[in-house]
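Order of the sequence lines fixes the chain letters, A, B, ..., with proteins taken first and strands second; residue numbering starts at 1 for each chain.
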2 protein chains.
Amino acid sequence: MKDTDDKLTSRNIKPTAMRELVLDILTEQTAAISLSDLEQKFHKSDKVTLYRTLKTFEENKLIHSIDDGTGAVKYALCKESCQCHPEDLHVHFFCIKCQHTFCLSDIPIPSINLPVNFSIENINMVVKGVCSNCNE
Amino acid sequence: MKDTDDKLTSRNIKPTAMRELVLDILTEQTAAISLSDLEQKFHKSDKVTLYRTLKTFEENKLIHSIDDGTGAVKYALCKESCQCHPEDLHVHFFCIKCQHTFCLSDIPIPSINLPVNFSIENINMVVKGVCSNCNE
DNA sequence: AAGTTTATGCAACTGAGTTGCAAACTATTC
DNA sequence: GAATAGTTTGCAACTCAGTTGCATAAACTT
């Protein structure tokens, strides 16, 4: 639990039992998960607590959210160094077969030449297709 | 009404009074609009009819939908030649000040080198920031 | 005109996300 | 270590976008 605790405190999040559990579950995932996915990993759980836990994690940049177009926002762990600035962002991939949403952490979002006087804050880029697992 | 009719029939959509009205409203817009935005442009209207009208338009590639992360899907007219294939897609911009969502029709989505065995179907790219109107 | 298909309108529902409030817990101060 | 203040958790209840079922209305077919 020491590791989990450290990760939380290093992001200025008080390590409660609940938060440790949620962080552990998030750490196990190979794909991004939604609030209701998370809810189903608990036998008895309160959606609101999980919701607020995710919000806290996101505000403190422990996790980032992905709007993959499925109607439910997904969440995935940030890298240790991540500050969620435009230069930290990567492309996400949604597989239309297995319905999983992956971080393509190694693929940075390409820079865009916006029209004059447009300033940029954030970019969301989701590629839809079939992942390598589902391509035979 | 002849023009509107032609646009509908050329996309294999039967030109009803309702659909003409909706298409006219969509044509007037400078920014993408949501179902509830559309609903408010009618004095008396049925959300479901508008919803199905938009679905029909989208299926027939008269309009495309944009998930800008606000929680409500936005819609905007496609160009005449658009088939909504990856090569037809453009970047979208969401202004965090005026809350408008624009098509940056001249900015194609940059191509991405996906990992091996990933195939691509579609890309959604939304840049958030401040538009030129709102930047003083 | 009768029958078939398609579009529209109403009611009612789902599911994600959210707020308010009270109880439980944690941290702080004496 | 008890009193207090601040934070977290759990429950109820709500909002709002999107959606389905079904009945009526309108448009096509022969």
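Using a 4.0 Å heavy-atom criterion, one finds that A:R52 contacts the bases of the nucleic acid, with or without backbone contacts as well.
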Give the table of side-chain donor-acceptor pairs shorter than 3.5 Å for residues 78-91 of chain A, with sequence neighbours excluded, one pair per line with atom names and distance.
{"unit_1": "A:D88", "atom_1": "OD2", "unit_2": "A:Q83", "atom_2": "N", "d": "2.9"}
{"unit_1": "A:D88", "atom_1": "OD2", "unit_2": "A:C84", "atom_2": "N", "d": "3.1"}
{"unit_1": "A:D88", "atom_1": "OD2", "unit_2": "A:H85", "atom_2": "N", "d": "3.1"}
{"unit_1": "A:H90", "atom_1": "NE2", "unit_2": "A:H64", "atom_2": "NE2", "d": "3.3"}
{"unit_1": "A:H90", "atom_1": "NE2", "unit_2": "A:H92", "atom_2": "NE2", "d": "3.1"}

Counting only pairs under 3.5 Å, give me each side-chain donor-acceptor contact of residues 96-105 of chain A, with atom names and distances, residues two or more places apart or in other chains.
{"unit_1": "A:Q99", "atom_1": "NE2", "unit_2": "A:I96", "atom_2": "O", "d": "3.2"}
{"unit_1": "A:T101", "atom_1": "OG1", "unit_2": "A:D68", "atom_2": "OD2", "d": "2.6"}

Anything under 3.5 Å between a donor and an acceptor, one on a side chain of residues 115-133 of chain A, the other on a protein residue two or more places apart or in another chain? List them.
{"unit_1": "A:S119", "atom_1": "OG", "unit_2": "B:N135", "atom_2": "ND2", "d": "3.2"}
{"unit_1": "A:N124", "atom_1": "ND2", "unit_2": "A:D67", "atom_2": "O", "d": "3.3"}

Contacts under 3.5 angstrom, residues 50-60 of chain B side chains, donor-acceptor by atom type, not counting sequence neighbours:
{"unit_1": "B:T53", "atom_1": "OG1", "unit_2": "B:T49", "atom_2": "O", "d": "2.7"}
{"unit_1": "B:T56", "atom_1": "OG1", "unit_2": "B:R52", "atom_2": "O", "d": "2.8"}
{"unit_1": "B:E58", "atom_1": "OE2", "unit_2": "B:S65", "atom_2": "OG", "d": "2.7"}
{"unit_1": "B:N60", "atom_1": "ND2", "unit_2": "B:T56", "atom_2": "O", "d": "2.7"}

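The cluster map of Ile, Leu, Val, Met, Phe, Trp and Tyr, joined by side-chain heavy atoms under 4.5 Å apart, puts A:I109 and B:I107 in the same cluster. Hydrophobic clustering of Ile, Leu, Val, Met, Phe, Trp and Tyr side chains at less than 4.5 Å, counting indirect connections, keeps A:M18 apart from A:V48.
In this structure, A:L21 and A:T4 have side chains that are not in contact, with every pair of non-hydrogen atoms separated by 4.5 Å or more. No side-chain heavy atom of B:L35 sits less than 4.5 Å from a side-chain heavy atom of B:V73.
Bracketed by its first and final contacts, the part of DNA chain C lying under 4.0 Å from non-hydrogen atoms of chain B reaches from C:dT6 to C:dA11 in 5' to 3' order.
For the ring pair (Phe, Tyr, Trp, His ring centres under 6.0 Å) condition, no pair includes a residue of residues 10-39 of chain B, sequence neighbours left out. Residue pairs that meet the salt bridge (Lys or Arg N to Asp or Glu O under 4.0 Å) test with at least one member in residues 32-46 of chain B, sequence neighbours left out, do not exist here. Among residues at least two apart or in separate chains, there is no ring pair (Phe, Tyr, Trp, His ring centres under 6.0 Å) pair with a member in residues 18-44 of chain A.
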What string of B, S and - do you get for nucleotides 25-30 of chain D, 5' to 3', if B is base contact, S is sugar-phosphate-only contact and - is no contact with any protein heavy atom under 4.0 Å? ------

Derivation and outcome, side chain to side chain contact (heavy atoms under 4.5 Å, CB included), residues B:L8 and B:E20: CA-CA 8 Å; B:L8 288 169; B:E20 282 165 6; 4.0 Å; yes

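Only B:K47, B:V48, B:Y51, listed by number, bring a heavy atom of residues 42-51 of chain B to less than 4.0 angstrom from any atom of DNA chain D. Contacts with DNA chain D (heavy atom under 4.0 Å) in residues 29-41 of chain A: none are found.
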